[in-house]
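Structure first, then comments.
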Amino acid sequence: MRLRTKKNTRVGLESQPDLIVLEPKKLKGRWRELFGNDRPIHIEIGMGKGQFISRWSANNPDVNYLGMDMYDELLLIGSEKARKLWKEEKGSDEVPNLYLVRGNAEQLEEMFEDGELERIYLNFSDPWPKSKHAKRRLTHPRFLEKYKRALNEKGEIHFKTDSLSLFEFSLNSFSDSRLQMRNISLHLHRNELRDDLVMTEYETKFVGQGMPIYRLEAVVGSEVVREHRERVEAEVQASIARAAKRAADGREDAD
Ligand SMILES: C[S@@+](CC[C@H](N)C(=O)[O-])C[C@H]1O[C@@H](n2cnc3c(N)ncnc32)[C@H](O)[C@@H]1O
């Protein structure tokens, strides 16, 4: 096994300013400047080794991606994965729409201006099973308030986990924070692997063991909330109209 010293890890990170952000607070309000365009910014908080965020960055060149984690070694592994993927699939030495960020979600307000982000991914966040640690869960209402501030009018949170207890906690938490949820799934890959969604390292492992994956999306921004409500209302009206037609057809048959 390859072992890296802390110093080597630090040097490895510092040598990649085109992919690694070590002082995200300095970029508060200036992330678009860093990417050099106005495309929406999606972040994975707690990216681990970065498989998910690298894959999304290669799949969607029209979105800017950030992968955040607290640990240097994970950032370094993530940078290697991202570069390898872009080299193999795109023939590119650059990773133009992704930065890997050393940061802690606790300090989100210090890194992002209000409305600077458009989507937050929380994938297989640490479950912190003891109730005395509930406040550390990344879906605790105190974190949801931070996310609400950082997200723009199209803002969404996409959350998936293998932990039933964290999912139950999170459903209550999203609801207490008055966030509208949609596309809730208690077994994401029940019938077949969802290839419209990208798998994380943890997900690949748990799905391989046959475990169910729980997932939800929360709509946060005013625009996306309005669109969601209009869609639901249209479905309700269509369903009422279908029922009325069935009733009328039944009456005609009886006449
Ligand atoms: C269980 S791992 C999941 C990694 C990856 N998302 C996946 O699904 O494979 C959780 C990750 O979240 C990171 N993490 C935990 N709390 C965090 C926080 N407050 N801010 C940023 N990252 C955090 C951990 O360092 C760890 O890498």
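What's counted below: heavy atoms across the whole structure, side chains too, no hydrogens, waters or symmetry copies. Start at 1 with the first residue, then count along the sequence. As the structure lists them, so they are numbered: ligands from 1, and atoms in each ligand from 1.
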Quick one: side chains of residues 227-248, donor-acceptor pairs under 3.5 Å with protein atoms, not counting sequence neighbours, listed by atom name and distance.
from   : atom 1 : to     : atom 2 : distance (Å)
Glu233 : OE2    : Gln237 : NE2    : 2.7
Lys245 : NZ     : Asp249 : OD2    : 3.1

Check against salt bridge (Lys or Arg N to Asp or Glu O under 4.0 Å), Glu110 and Lys28 = CA-CA 7 Å; Glu110 295 165 59; Lys28 180 174 177 176; over 6 Å; no
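Within 4.0 Å of ligand 1, counting heavy atoms only, the contacting residues are Glu44, Gly46, Met47, Gly48, Asp69, Met70, Tyr71, Leu74, Gly103, Asn104, Ala105, Asn123, Phe124, Asp126, Leu138, Thr200, Glu201, Tyr202.
Taking the six-membered ring where tryptophan is involved, the planes of Phe124 and Phe206 are tilted, since the angle between them lies from 30° to 60°. Using cut-offs of 30° and 60° for the angle between ring planes, the Tyr99 and Phe35 rings count as perpendicular.
A donor-acceptor contact closer than 3.5 angstrom is absent between the side chains of Glu44 and Thr200.
Here the options are Asn97, Asn59, Asn60, the test is side chain to side chain donor-acceptor pair (under 3.5 Å), and the partner is Tyr65; only Asn60 passes.
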